[in-house]
Amino acid sequence: AVKAQMLVALGIVLVMGCSCDAQASSLKPGDILSPGEYITDGAGVLAMEKHGILSVCKTYSDGSCKSARLWSSTNEAMNGTYARMATYGDLEVVDEANVILWSTHTMKAAGCTLSSVNCSFVAIQKDGNVVMHSGTPADPKDVLWATNTKVAPPNAKNVLHFIVDDLRPEMGIAYKQAHMITPNFDKLAQEGLVFDRAYCNIAVCAPSRNSFMSGLRPDVTGIFNFNNHFREPGQPPIVSTPQQFKDAGWTTLGGGKTFHYNLPPYFDDSGPQGSWSSLVQPYFPFIEYVGSSDMAFCPINSTLKQSFGNTPGSANMCVVTGDESQLYDYRLMQHTVDTMNKLTENPEYSPWYLMAGFRRPHRNLQVHEKYWSQYPDHTAIKTAKYKVRDPSQPLIAFHSAGFALDNGTNYPSTPDIPLPDEVQQIFRKAYYSCVTQTDAYIGLVLDTLEASGQADNTIVLVHADHGWQLGEHGLWDKQTEFELATRVPLIIKVPGKPKSAGRHTQAFFELVDLHPTLAVLAGILSPKPPTQLPPSVAAQGTGTSVAAVFDDPEAVIPGKNASYSQWPVCTRNASVMCMACTGYQSSRAVIMSMGYSIRTTDWRYTVWLPFNTTTYVGDFNAPPIATELYDHRNSSAFNFDLDGEVKNLAIDESLRPIMDALHAQLRKQYTWDSTWLVNSRANMRKGQLAKDVQMGMYPYDGVLPVPPHTEL
């Protein structure tokens, strides 16, 4: 008879075959698990099936696995290897060529057997992997072998990763904004490194998150809207930012708005090829808009009720009272605290990567009264210095926005017609209060980390998906190429890097740089790019590690002398303002122009180009639709009035050499290998066709479609 024996260690069982048919209530070292018996551990089911096969299943009944078999002692391939029970009773691990990689039998020559606990033992972990340790169950040593071969390196660091939606770098001490109440962001800034020049690569939620969570620029994935994502058909295999940690042996857990809702589906909580260690704990979801996790739309004339969905006349801000648990961000905080405690109580999950995506200050601005009341009356709130668009600035770079108060009054706004000052002050107070609310919730998670005893081995970072405009140039949103839309706060605390503690760096950081930078800082050995790309495309389209600045905040990172971003619009007329093609019903086929922007130490240059709906990139060989040049030589990272982005200097011929040089740098960045571009887009278009049909739209057929949004 086939027999298997496994020692119980760290909540792990050791089994031997015999004959009975029942559920084991509990197991201790030396206990026997017989065919038909099984035990659950909260993540999977360990079972000795009636036919003598040892398995780890998702569910188990009637003597066999009833859903996915996560691991088996039969020849079911698991990550290119499988485990089997040899006829002489030893457990063997064999590769696809039937070469024995390890077995209890081959250890006997050294005097080591499975029963010789002074030598090694085999364990099924809670994530379903089978691991061979040296040492004993009571004192496990090195991992000698594992079914997934994903063993974190020695001295690996944990990562606690916060994303905050629509957060611009307007914080108290961290970014020298005395009117802001952000004690926890400020404390983190005093312990970590503050990036004064951190930028997103596209200034709207879903495309930005698809970019920095995949480690690829938007032009590489062709994701500019709210219906494409990097897991859809036509995309290459991509290893996401959290997935690279899971693949390297970290336990990865997440919650909230990390990925955008449903882009990719289920927050990429999709099994072995997804981002999260789902067997340890399922993802804690955020559901956008209708049926929202926090009823995202504020009701009219009420601070006590919650609104379901985007009902007509819903307000853009509201103050709530009562239990804070009615707010999704509070529940996310509590979930993250509970997860932190779980990780602390279960050291076998270390190292870990824990990510939490907070919703506010995304509008609608739903804030609890305890945070609203911390700020003075709205009449004391300062408004933007430049409230309207300068005539030198092309309309193609702008869009309109409005604001609705919870008394039912709606105020439309355009870049040339600002909101009334009092409405601007109310909106700003609501935004600031939401920032303070999120700061408080993140602070509670950080307190839990400190109490856990793991802070000295945990990287902590906070950043946004993009910036936000609070009335500057008449804009009340992101979705532009301007400084306040593309610039993000970024604070990273790395244990063991004392030279970075409490410092600021002027190094350019793009959110696409998170993928390689975190890998290096946390200790992933030989980090790999997110996907296989030709060398030139990889150099242009992926991020750069800036880990060196944590040893010297003034270090110069080779090749990082600027940040780059892009923005799609639905017009080819420089004098027309068209809301960007990022709605849920939009296709790549309705994009008509792409804006590309470069921000250097001294300048911001933006060019608007015709968009090619076959290659999904802007055409640098076509005459520009519009150009913008802004002088940042006297700009400060702590002055949000941005005098340098008022007057468009593109018509100043004396600055032509500067503009030409910046244009050439942009062109070099966004001109892609032609063979790769043709092949990658052919695959994407197949996926886009199905998406267009599903969304009730039609693929581009050579005739420019009518944009779905009204052009003003």
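Computed from heavy atoms alone, side chains included, the values below leave out hydrogens, waters and symmetry copies.
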Closer than 3.5 angstrom, by distance alone: can the side chain of [X] be matched with the main-chain N or O of [Y] as a donor-acceptor pair?
| X | Y | value |
| --- | --- | --- |
| D196 | Q506 | no |
| T517 | L514 | no |
| R331 | Q326 | yes |
| D513 | V546 | no |
| K429 | P376 | yes |
| E472 | Q469 | no |
| T438 | R360 | yes |
| T409 | L405 | no |
| S208 | D465 | yes |
| E510 | C200 | no |

Under 4.0 Å between a side-chain nitrogen and a carboxylate oxygen: does that hold for R633 and D602?
no
NZ/NE/NH1/NH2 to OD/OE distance under 4.0 Å, K257 and D165
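Answer for the salt bridge query: yes.
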Give the intermediate values and the outcome of ring pair (Phe, Tyr, Trp, His ring centres under 6.0 Å) for residues Y261 and F226.
CA-CA 9 Å; Y261 170 66; F226 281 67; over 10 Å; no
Close side-chain approach of [X] and [Y], heavy atoms under 4.5 Å:
| X | Y | value |
| --- | --- | --- |
| F427 | M317 | no |
| H335 | Q281 | yes |
| F550 | I492 | yes |
| D421 | Q424 | yes |
| F403 | S413 | no |
| I181 | P183 | yes |
| T486 | S563 | no |
| R209 | H229 | no |

Mind running side chain to side chain contact (heavy atoms under 4.5 Å, CB included) on F508 and Y199 for me, showing each step along the way?
CA-CA 8 Å; F508 278 98; Y199 294 86; 4.0 Å; yes
Check step by step if side chain to side chain contact (heavy atoms under 4.5 Å, CB included) holds for V159 and L461.
CA-CA 8 Å; V159 179; L461 69 152; 3.8 Å; yes
Hey, can you tell me if [X] and [Y] have their rings parallel, tilted or perpendicular (30° and 60° cut-offs)?
| X | Y | result |
| --- | --- | --- |
| H161 | Y353 | perpendicular |
| Y330 | Y441 | perpendicular |
| Y431 | W468 | parallel |

Quick one, D377 with T379, criterion side chain to side chain donor-acceptor pair (under 3.5 Å). Give me CA distance, side-chain angles, the key distance, then yes/no.
CA-CA 5 Å; D377 186 79; T379 57; 2.6 Å; yes
Can you confirm whether the side chains of [X] and [Y] place a donor and an acceptor under 3.5 Å from each other?
| X | Y | answer |
| --- | --- | --- |
| E170 | H179 | yes |
| Q437 | W372 | no |
| E422 | Y411 | no |
| S325 | D323 | yes |

Determine the minimum heavy-atom distance between [X] and [Y], stating which atoms define it.
| X | Y | result |
| --- | --- | --- |
| A206 | L263 | CB-CD1, 3.8 Å |
| Y283 | D269 | N-OD2, 3.1 Å |
| F224 | I591 | CD1-CD1, 3.8 Å |
| Y371 | A440 | CE2-CB, 3.7 Å |
| E450 | A455 | OE1-CB, 3.6 Å |
| I202 | P218 | CG2-CG, 3.7 Å |

State the [atom1]-[atom2] distance between [X] and [Y], to the nearest 0.5 angstrom.
| X | Y | atom1 | atom2 | result |
| --- | --- | --- | --- | --- |
| T258 | D268 | OG1 | CG | 9.0 Å |
| R503 | K497 | CZ | NZ | 14.0 Å |
| S433 | H368 | OG | NE2 | 12.5 Å |
| L484 | L475 | CG | CG | 9.5 Å |
| Y432 | D439 | OH | CG | 15.5 Å |
| T182 | Q177 | OG1 | CD | 9.5 Å |

Using the rule ring pair (Phe, Tyr, Trp, His ring centres under 6.0 Å), only one of F195, F162, F212 pairs with H463; which is it?
F212
Just jot down the side chain to side chain contact (heavy atoms under 4.5 Å, CB included) partners of K176, sequence neighbours excluded, or say none.
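Only F638 meet the side chain to side chain contact (heavy atoms under 4.5 Å, CB included) criterion with K176.
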Taking only residues two or more places apart in sequence, or in another chain, which ones meet H515 in a ring-ring contact (aromatic ring centres under 6.0 Å, His included)?
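Once residues adjacent in sequence are excluded, H515 has no partner under the ring-ring contact (aromatic ring centres under 6.0 Å, His included) criterion.
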Take F398 and F482 through the side chain to side chain contact (heavy atoms under 4.5 Å, CB included) test and state the conclusion after the steps.
CA-CA 9 Å; F398 290 80; F482 293 121; 3.6 Å; yes
Check: Y266 ring centre within less than 6.0 Å of F259 ring centre:
no
When you look at CD1 of I417, are more than 12 heavy atoms from neighbouring residues, nucleotides or ligands closer to it than 6.0 Å?
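Atom CD1 in I417 is not crowded, with 12 or fewer foreign heavy atoms closer than 6.0 Å.
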In terms of heavy-atom contacts, does NZ of K187 have more than 12 from other residues, nucleotides or ligands at under 6.0 Å?
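No, not enclosed.
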What do the steps show when you test W608 against W567 for side chain to side chain contact (heavy atoms under 4.5 Å, CB included), and what is the final call?
CA-CA 9 Å; W608 299 90; W567 186 246; 4.1 Å; yes
Report, one line per pair, each donor and acceptor closer than 3.5 Å where one atom sits in a side chain of residues 640-649; sequence neighbours left out.
residue, atom, partner, partner atom, Å
D641, OD1, K385, N, 3.3
D643, OD1, K385, NZ, 3.1
D643, OD1, Y386, OH, 2.6
E645, OE1, E483, N, 3.1
E645, OE2, E483, N, 3.4
E645, OE2, R604, NE, 3.0
E645, OE2, H632, NE2, 2.9
N648, OD1, L629, N, 2.9
N648, OD1, A650, N, 3.1
N648, ND2, S392, O, 3.1
N648, ND2, T627, O, 3.2

